[in-house]
Amino acid sequence: MEGTILMVGAGRHQRRAIERARELGLRVVAVDRNPDAPGLAAADEGEVIDFTDVVAVTDAGRRHGVNGVLTVSADRAVPVVAAVAQDLGLPGIGPATAHLMTHKVAMRALFADRGVPQPAFAALRRMSERHAALEATGLPAVLKPADSGGQRGVFRLESLDDLEAHLHAALAESASGEAIVESFQEGLELNGLAVARDGEVELLTLSDRLRPPGIGFGVGWAHVFPSTIFGDALERAEEAAISAVHALGLRNGIAFPQVIVSEDGEAIVVEVAARIPGGQMADLARHAVGVDLVEVALLQALGQEVPDELAKPQFSQPLAIKFLTASPGPLPTGRVLSVGSLDKVLAFPGVVQAELYIQPGETIRPVRLDGDRRGYVIAVADTNLEALERAEAAAKLADVIVE
Ligand SMILES: Nc1ncnc2c1ncn2[C@@H]1O[C@H](COP(=O)(O)OP(=O)(O)O)[C@@H](O)[C@H]1O
Ligand SMILES: [Mg+2]
């Protein structure tokens, strides 16, 4: 590949993509407001810029003569990337689609209009709207900021009291000062990875996202590929995911649809993100179907055609990712004294990749947010459930000692 790419955000997830872009021959300019962001040092040029400042990011892109602009994993960067691309005349998903795919109220309104299956919902900006909101959704319900991510400000509601207790926290996570309440959907969550090319949507993987009980109910603490559901229910989930991506108007880009399948096989769409998701989903695509999503995203950011060899599954390898979290996961809760090597984890049968990102002195808390996942183990096997058993067993060998 040739040219210069502007990476918006330069944290841990973006660093991997920056390194991959450079491996593929691109020059990378990265921006992040944190001068210590690991991706800044990994890029050819790193600039300390808060990416919420679209004008400053656009200016950096112009100064460096970039040929494309991209983010991975950071939902808040998606509208910024779309705006910068438009201002610089570069390929992008467009500000309208970027808004629909990052603002949960806008997304739900569109889905309602297009008949995409979804839970009942209500938008709210202030406490006085609480009764009307719960009247629309019933209980239990889920409260979320309209525009945030990574399970920040997401709460399960059992009562009006719960809504009163948490509304401020949810609103505080929203840049537009808006929250959404949805009826709680019981069932198995499936996460999809899809590539849109010229309006054609290909679903590369659909995997089970296993979630812990309790306050971390939205966090993916394991991914299992292929999904354990099958037949009509699987077909309905696939249809829901693909129809959601179409409805949102994504013509060229990577989509991350999240659906929940109820016991009777009905599928509802939770949301669809317009980016390579964090949480090792890019690794899932690589190990499970042999697709490098970063390479696909880079080509699309540069406006180049993505050939079938890069965008279609090359094989199908059962796999599981188990995240290292504290209670109710395998890590202890508390202040970290020491972190041992991962040798035993990596030597476990079937393990193809593992990482631990904890520093001594940090405190590990019970899992509530995506960010409470402090490492992961990826294992392959002949079947999905055997892969999960292996990943779970290997995860228990991680050597973290707390006070
Ligand atoms: N209506 C719902 N019913 C049940 N679970 C939900 C609902 N909405 C969200 N969740 C759970 O919370 C997670 C996070 O919600 P999501 O809307 O994807 O927000 P975020 O932007 O933080 O990812 C989902 O992946 C799902 O596990
Ligand atoms: Mg989500």
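Both counts, for ligands and for their atoms, begin at 1 and track the order of listing.
Between the side chains of His287 and Gln353, at least one donor N or O lies within less than 3.5 Å of an accepting N or O.
The main-chain N or O of Gly265 is found under 3.5 Å from a side-chain atom of Arg236 such that the two form a donor-acceptor pair.
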Going through the checks in order, is the side-chain hydrogen bond (donor to acceptor under 3.5 Å, both in side chains) test met by Gln280 and His223?
CA-CA 9 Å; Gln280 268 50 59; His223 294 294; over 6 Å; no
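Residue Phe217 holds the heavy atom nearest to atom 10 (N) of ligand 1 of all those in Phe256, Phe217, Phe155. Here atom 17 (O) of ligand 1 lies nearest to Lys144 when heavy atoms of Glu271, Lys144, Arg209, Gln118 are compared.
Ring geometry for Phe155 against His166 counts as parallel: the plane angle stays under 30°, on a 0 to 90° scale with 60° as the upper cut.
Residues Glu182 and Arg108 are paired through a salt bridge, judged by an N-O separation under 4.0 Å between the basic side chain and the carboxylate.
The closest approach between any non-hydrogen atom of Ala273 and ligand 1 is not below 4.0 Å. Ligand 1 lies less than 4.0 angstrom from a heavy atom belonging to Ser183. Between Glu186 and ligand 1 there is no heavy-atom distance shorter than 4.0 Å.
For ligand 1, the atoms lying closer than 4.0 Å to a non-hydrogen atom of Ser148 are 21 (O). Counting the atoms of ligand 1 from 1 in the order shown, those under 4.0 Å from a heavy atom of Gln185 are 2 (C), 3 (N), 4 (C). Numbered from 1 in the order shown, with element, the atoms of ligand 1 that lie under 4.0 Å from a heavy atom of Arg211 read 5 (N), 11 (C), 26 (C), 27 (O). Residue contact check: Val270 has heavy atoms under 4.0 Å from atoms 8 (N), 9 (C), 16 (P), 17 (O), 18 (O), 24 (C) of ligand 1.
Within the 4.5 Å cutoff, the side chain of Asp399 has no heavy atoms near those of the Ser341 side chain. The closest side-chain heavy-atom distance from Val269 to Met107 is not below 4.5 Å.
Counting only heavy atoms of the protein, atom 7 (C) of ligand 1 lies nearest to Val142 CG2, 3.7 Å. The protein atom (non-hydrogen) at minimum distance from atom 21 (O) of ligand 1 is Lys104 NZ, 2.6 Å. At the top of the distance list for atom 12 (O) of ligand 1, counting protein heavy atoms only, stands Gly218 CA, 3.4 Å. Residue, atom and distance of the protein heavy atom nearest to atom 14 (C) of ligand 1 are Gln151 NE2, 3.3 Å.
Remark: Arg76 is not positioned above the aromatic ring of Phe51, lacking an NZ or CZ atom under 6.0 angstrom from the ring centre and at most 45 degrees off the axis.
When non-hydrogen atoms are compared, ligand 1 lies under 4.0 Å from the side chain of Glu189 (C-beta onward) but not from its backbone. Of the heavy atoms in Ile260, only side-chain atoms (C-beta onward) come closer than 4.0 Å to ligand 1.
At the Mg ion (ligand 2), the vertex angle linking OE2 of Glu271 with OE1 of Gln258 is 90° (nearest 10 degrees).
Partner Val66 forms a side-chain contact (heavy atoms from CB on, under 4.5 Å) with one of Val28, Leu88, Val84, Ile5 and no other, that one being Leu88. None of Arg20, Arg286, Arg16 except one satisfies the salt bridge (Lys or Arg N to Asp or Glu O under 4.0 Å) rule with Asp292; the exception is Arg20.
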